Amino acid sequence: MTLEATDCLVKLYEEHHNLEDYQGGVPRWCTGCGDSGILTAVQRLCRDNDLAPERTVFVSGIGCSSRLPHYMKTYGFHGIHGRALPVAEGIKLARPDLDVFVSTGDGDCCSIGAAHWIHAIRYNMNMVVMLHDNHVYGLTKKQASPTSPLGFKSNTTPRGSTLLPLNPLTVTLGVQNVSFVAQAVDWIPELLYEILAAAYKHKGLSFVRILQRCPQYLPKMFDPWLQDPQKSLILTHDRGVRPSAGLAKIYRNQQEHDPSDINRAREIASLEDPIPVGILYQNPDVPRYEELRNAGQLRTADYIKAGLEAEFDKFTIWPDGHDAPAA
Ligand SMILES: Cc1ncc(C[n+]2csc(CCOP(=O)(O)OP(=O)(O)O)c2C)c(N)n1
Ligand code: SF4
């Protein structure tokens, strides 16, 4: 089919997006907050994949990190604390054709939202879930979260936290139907981008834990990893990510890891020093709930209209001599 010149221009205009097409407002995060790097990475991802802003949804719970949808010029849903995932699942179930991204904090996901987290992994609906893990409740000004380090002094643990932190990677890898688990850090933007890009391409729920700096309440938390690149173990594979030549010169501690090996993924997930960065696990064959449930049925405008009319017909009082239409 040949297109007229004007059609070509319209098509080009519709299909090409710049970074500004996704940038919505000036972020209110503190200077140096790792959330800014995560925002930049997802905006680049949207641009590079030419995601239509009107067919893209960013969903979040409550927290500093959960402000991310405000800064995206796409659809967004700033939900309630711990409930980002069920909101995202509802959207995906009703509109499987939309691209859905979730931003959730370690408090939001691993504390109040923990039950939803476990079930979302099991449902394996096609979306990218970014766990912004800064090891603290930032928005409410420094309370311990489930991922806070042992001994962390905070408003809720003034004498230091007494419990070992929960590991979001090992927990996720223990759930039935897990299909994609990765770890990124906000201070290596190249790998953060590559990992998010792989997560976006994966069909199923992609769980990406992103270690995120909170200079306001945990200013020195990640300094050892920032100062010594060898304290990061870069996982490389043809089906995973590979650092560029320049980055590989700095991050020399690399390991070839086949992401289809779940037992090795679980071992790697338990590492605390060095910390793994890359794709730990990927299985593209895990069934996705929205496909099982909808069996390929897209909720088109006609489909929704027919459903609404059938519901209204139940309450219609038909004039004498008129029968309700056959269901
Ligand atoms: C039901 C409910 N409980 C508690 C709160 C208060 N609250 C708001 S954000 C938050 C913790 C946020 O921490 P995290 O998810 O780690 O996000 P961060 O701010 O660090 O990005 C809490 C406890 C709330 N908004 N709603
Ligand atoms: S309090 Fe921490 S997490 Fe919140 S915006 Fe500031 S630096 Fe970021």
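Nothing here was measured: the structure is a model prediction, and the numbers come from that model. Whatever order the structure lists ligands and atoms in, that order sets their numbers, starting from 1.
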Heavy-atom contacts with Asp108 under 4.0 Å: which atoms of ligand 1 show up? List them by number with element.
14 (P), 15 (O)
Just let me know how Ser145 lines up against ligand 1, side chain, backbone, both or neither, with a heavy-atom cut-off below 4.0 Å.
neither
Top protein contact for atom 13 (O) of ligand 1, by heavy-atom distance:
Tyr137 CA, 3.5 Å
Any N/O/S atom, backbone or side chain, of Cys64 lying under 2.8 Å from atom 4 (Fe) of ligand 2?
yes
Look at ligand 1 and say whether Ile112 reaches it with a heavy atom at a distance under 4.0 Å.
yes
Can you report which non-hydrogen protein atom sits closest to atom 25 (N) of ligand 1, along with the distance?
Ile62 CG2, 3.9 Å
Contact atoms of ligand 2, heavy-atom distance to Trp29 under 4.0 Å:
5 (S)
On the 0 to 90° scale, with breaks at 30° and 60°, tag the Tyr22-His17 ring pair as parallel, tilted or perpendicular.
tilted
Tell me if the aromatic rings of His135 and Phe222 count as close, with their centers under 6.0 Å from one another.
yes
protein heavy-atom neighbour closest to atom 19 (O) of ligand 1 works out as Cys64 N, 2.7 Å
Please list the nearest protein heavy atom to atom 8 (Fe) of ligand 2 with its residue and the distance rounded to 0.1 Å.
Cys33 SG, 2.4 Å
Quick one: does ligand 2 sit under 4.0 Å from the side chain of Gln212, the backbone, both or neither, non-hydrogen atoms only?
side chain
At under 4.0 Å between heavy atoms, what of Thr104 touches ligand 1? The answer is neither
Distance (rounded to the nearest 0.5 Å) between Arg67 CZ and Met72 CE
14.5 Å
Can you tell me if Lys73 uses its side chain to pair, donor with acceptor, with the backbone of Glu20 under 3.5 Å?
yes
Sidechain-backbone polar pair: Asp106 side chain, Val136 backbone, donor-acceptor under 3.5 Å:
yes
State, yes or no, whether a side-chain contact exists between Arg213 and Met221 at a heavy-atom distance under 4.5 Å.
no
So which heavy atom in the protein is nearest atom 7 (N) of ligand 1, and how far is it from that ligand atom?
Thr140 CG2, 3.5 Å
To the nearest 0.5 angstrom, please state how far the OG atom of Ser206 sits from the CE atom of Met127.
10.0 Å
Just wondering, more than 12 heavy atoms not from Tyr251 lying within 6.0 Å of its OH?
yes
Closest to atom 3 (N) of ligand 1 among protein heavy atoms sits His81 CD2, 3.7 Å
For ligand 1, which atoms have a heavy atom of Asp106 less than 4.0 angstrom away?
15 (O), 16 (O)
Contact region, Asn134 to ligand 2, non-hydrogen atoms below 4.0 Å, reads side chain
Return yes when at least one N/O/S atom of Cys30 is nearer than 2.8 Å to atom 8 (Fe) of ligand 2, and no when none is.
no
Mark up the atoms of ligand 2 that fall under 4.0 Å of a heavy atom belonging to Pro215, in ascending order.
7 (S)
Part of Cys214 with heavy atoms under 4.0 Å of ligand 2, whether side chain, backbone, both or neither
both
Using a 4.0 Å cutoff against the non-hydrogen atoms of Gly107, which atoms of ligand 1 qualify?
14 (P), 15 (O), 16 (O)
What atoms in ligand 1 come closer than 4.0 Å to a heavy atom of Leu139?
9 (S), 19 (O)
Who's the nearest protein heavy-atom neighbour of atom 1 (S) of ligand 2, and how far?
Tyr217 CE1, 3.6 Å
With distance as the sole test, does Tyr71 use its side chain to make a donor-acceptor pair with the main-chain N or O of Arg28 at under 3.5 Å?
yes
Measure the CD-NZ distance between Glu272 and Lys231 for me, rounded to the nearest 0.5 Å.
11.0 Å
